[in-house]
Asker: 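Starting off with a structure, shown below.
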Amino acid sequence: MGSYRMCVCFTRKYRITEAEPPSDVKDAFKKFSEGGNHMNADQLRQFLVEFQGDDATTVQDAQQIIEQIHHRRHHHHIPKFRRHSLTLDDFHHYLFSVDFNPPIMDKVHHDMTSPLSHYFIYTGHNSYLTGNQISSDCSDVPIIKALHKGVRVVELDIWPNSTKDDVHVLHGRTLTTPVELIKCLKSIKEHAFVASPYPVILTLEDHLTPDLQAKVAQMVTETFEEMLFCPESSEKLEEFPSPEEMKYKIIISTKPPKEYLQAKSNKENEDSSSFKRRDSNEDSRKTDTTEPANREYEEEYTSDSDASDSSGNNSKSSKNDRRREFNGDSDENNKSSSKIDRSLSGEPPEYLSIIAMHSGKPKGGLKEQLKVEVDKVTRLSLNEQKFEKAVTLHASQVVR
């Protein structure tokens, strides 16, 4: 390697390129600047009044805005004749500046009386993380900050602690340090409606045992009290109430307990089998219309009575025995059905009762998943790639 007798140092400055103004910004500038390359104070005032709805703006206010924009962007290094007007780039910078162009009004001016599913909702993801998803700390502080910004959907991943007797919030199977669930719940209760009165949806990524699910149910009900929205029935809602009706309410969304899903699946299979047997019996009766509807049982009892007579037994006694046997099977079926019904009411019942919005992976492809099922409210979660695909291929199903 050679040696050097002289070293030259220099600094290269790169020009920061700004994003090009979108077409709607260009159209607004062209309209209110009357086709010119500059927008003066009077034209800016006209834009603020007619387009932004800020009726109280005066020409002096508009001129002050122009001066502030020039000071921020150019530090007065512009010709004097241009200091009283905005270029297209200045106008674009103004519109997208939080300092110069904050929300026009704090109050909501939209119709908020439609079902909750009709609205776009400001949503958080892994709301408890203070940094990266691998090794950062979990805390209630990011949750508080999100709620103060107006976030309406908070996600918590809940796992058993090391001794399996309490519930922690953490990003599972990573190096993230946990935070206690109860701490997060108390912070949500305190800060949920600081920025907005509209409902907060708390999505729980549940990795718990039934015992800990029951403990979560107790924590949630005791912490949120009257703020918690619970459906009247443990079954899914047919349609969600409106944001206006749900003001100052907290909604729990998660997968129902495995016991509930298994019992429901068993009951659906049993109902399906019963329906098929009923159809089969009806078809057989239609095929032989000259026979009585209960011929099968009559033949069964007749055969037994004939056998009883030949052996010298009372035929009525035999019939009664068969009827008791048949009714006994029915009683067993009723007991089994009642067990399923009790399971459908929730095991643990406390956990199922707090779930207002059921989630889960629906069957079928993306097109089937996007279908709206009548009298059924569910939550469909898609990652960015799937959502982009849904918007590209099924835009009318995403925004109806």
Side-chain angles (χ1 to χ4, degrees), residues 10-112 118-125 145-146 148-153 195-196 198 382-385 387-400:
F10 63 92
T11 302
R12 182 174 182 180
K13 294 183 178 180
Y14 293 90
R15 183 178 179 180
I16 299 174
T17 57
E18 295 182 344
E20 184 180 352
S23 58
D24 53 346
V25 173
K26 291 179 179 178
D27 293 341
F29 183 84
K30 183 178 180 180
K31 176 181 178 181
F32 288 95
S33 67
E34 299 175 358
N37 295 324
H38 295 85
M39 180 183 289
N40 59 36
D42 187 56
Q43 292 169 335
L44 178 59
R45 185 203 68 83
Q46 186 180 1
F47 166 79
L48 294 173
V49 172
E50 295 182 12
F51 201 88
Q52 300 281 71
D54 194 355
D55 299 331
T57 303
T58 63
V59 176
Q60 290 74 20
D61 296 332
Q63 183 59 47
Q64 188 176 6
I65 291 172
I66 292 173
E67 292 173 0
Q68 290 174 344
I69 293 172
H70 286 319
H71 180 74
R72 172 74 67 85
R73 299 194 71 228
H74 308 291
H75 303 287
H76 297 300
H77 299 303
I78 57 172
K80 288 185 178 180
F81 70 90
R82 285 183 50 193
R83 293 180 184 176
H84 301 290
S85 62
L86 298 177
T87 63
L88 174 60
D89 288 335
D90 293 334
F91 182 66
H92 179 217
H93 177 82
Y94 162 72
L95 289 179
F96 287 86
S97 171
V98 177
D99 296 331
F100 293 138
N101 188 35
I104 300 171
M105 294 178 290
D106 290 336
K107 67 178 183 179
V108 176
H109 59 279
H110 299 93
D111 176 16
M112 304 299 287
H118 290 205
Y119 299 87
F120 288 99
I121 304 175
Y122 191 5
T123 302
H125 176 63
K145 289 181 178 179
H148 279 252
K149 291 179 180 179
V151 170
R152 297 291 88 189
V153 179
S196 170
Y198 292 107
L382 300 175
N383 59 31
E384 292 181 8
Q385 291 79 11
F387 184 69
E388 183 178 359
K389 183 179 178 181
V391 172
T392 303
L393 301 178
H394 311 288
S396 61
Q397 296 297 316
V398 177
V399 181
R400 295 178 173 87

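All residue numbers refer to positions in the sequence shown, counting from 1.
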Asker: With side chains defined as the heavy atoms from C-beta onward, is the minimum distance between I121 and Y198 less than 4.5 Å?
Answerer: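 Counting from C-beta outward, I121 and Y198 never come under 4.5 Å.
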Asker: Can you see which heavy atom on Q63 is nearest to which on A41, and at what distance?
Answerer: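 Result for this residue pair: OE1-CB, 3.4 Å.
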Asker: Distance check, rounded to the nearest 0.5 Å: D89 atom CG versus E20 atom CD?
Answerer: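 One finds 9.0 Å between CG of D89 and CD of E20.
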Asker: I'd like to know whether NZ of K389 has more than 12 heavy-atom contacts from other residues, nucleotides or ligands below 6.0 angstrom.
Answerer: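 No, NZ of K389 has 12 or fewer neighbouring heavy atoms, counting only those of other groups under 6.0 Å.
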Asker: Distance from L86 atom CG to R73 atom CZ, nearest 0.5 Å?
Answerer: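 Reported to 0.5 Å precision, the distance equals 9.5 Å.
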Asker: Heavy-atom count check: over 12 atoms from other residues, nucleotides or ligands less than 6.0 Å from Y119 OH?
Answerer: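 Yes, because the 6.0 Å sphere around OH of Y119 holds more than 12 heavy atoms from other groups.
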Asker: Classify the ring geometry of F47 against F51: parallel below 30°, tilted from 30° to 60°, perpendicular beyond 60°.
Answerer: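 Judged by the thresholds at 30° and 60°, the geometry between F47 and F51 is parallel.
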Asker: Is the closest side-chain heavy-atom distance between T87 and H38 below 4.5 Å?
Answerer: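 T87 vs H38: side chains touch.
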Asker: Rounded to the nearest 0.5 Å, what's the gap from NZ on K30 to CG on L88? Could you check?
Answerer: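 Nearest 0.5 Å value for the NZ-CG distance: 11.5 Å.
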Asker: Enter the distance from L48:CG to D61:CG here, rounded to the nearest 0.5 Å.
Answerer: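 CG of D61 is found 9.0 Å from CG of L48.
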Asker: State plainly whether the residues D99 and R72 are in salt-bridge range, i.e. N to O under 4.0 Å.
Answerer: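 Yes, this pair counts.
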Asker: List the steps and the verdict of side chain to side chain contact (heavy atoms under 4.5 Å, CB included) for Q68 and Q64.
Answerer: CA-CA 6 Å; Q68 290 174 344; Q64 188 176 6; 3.8 Å; yes
Asker: Looking only at non-hydrogen atoms, find the nearest pair between K26 and P21 and report the distance.
Answerer: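 Looking at all heavy atoms of both residues, the shortest contact is CE-O, 3.2 Å.
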Asker: Got H93 and D90 here, is their nearest side-chain heavy-atom distance under 4.5 Å?
Answerer: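 A side-chain contact under 4.5 Å is absent here.
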Asker: Given 3.5 Å as the limit, does a donor-acceptor pair link the side chain of S33 with the main chain of F29, or not?
Answerer: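 A pair under 3.5 Å: yes.
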Asker: Please identify each residue that fulfils salt bridge (charged side-chain N to carboxylate O under 4.0 Å, His left out) with D55, with sequence neighbours left out.
Answerer: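 Checked D55 against salt bridge (charged side-chain N to carboxylate O under 4.0 Å, His left out); zero matches.
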Asker: Calculate, to the nearest 0.5 Å, the distance between atoms NE2 and CG belonging to H84 and N40 respectively.
Answerer: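 If we round to the nearest 0.5 Å, H84:NE2 and N40:CG are 11.0 Å apart.
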Asker: Mind listing the closest non-hydrogen atom pair of L382 and A390 along with its distance?
Answerer: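 The pair with the smallest heavy-atom distance is CD1-CB, 4.3 Å.
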Asker: To check you understand the geometry: which heavy-atom pair defines the closest contact between F91 and A28, and what is its length?
Answerer: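 Closest approach of F91 to A28, heavy atoms only: CE2-CB, 4.3 Å.
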Asker: Apply side chain to side chain contact (heavy atoms under 4.5 Å, CB included) to residues Q52 and N101 and explain how you reach the verdict.
Answerer: CA-CA 10 Å; Q52 300 281 71; N101 188 35; 3.2 Å; yes
Asker: Within the supplied structure, the quantity of interest is the number of heavy atoms (other residues, nucleotides, ligands) at a distance under 6.0 Å from N383 CG; does it exceed 12?
Answerer: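 Yes - once you tally the heavy atoms of other residues, nucleotides and ligands closer than 6.0 Å, there are more than 12.
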Asker: Please round to the nearest 0.5 Å and tell me the distance separating atom OG of S85 and atom CD1 of I69.
Answerer: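 Nearest 0.5 Å value for the OG-CD1 distance: 11.0 Å.
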Asker: Would you say E50 has more than 12 foreign heavy atoms packed within less than 6.0 Å of its CD?
Answerer: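 Yes, enclosed.
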Asker: Under 3.5 Å, side chain of E388 to main-chain N/O of Q385, donor-acceptor pair present?
Answerer: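 Looks like no, no N/O pair under 3.5 Å.
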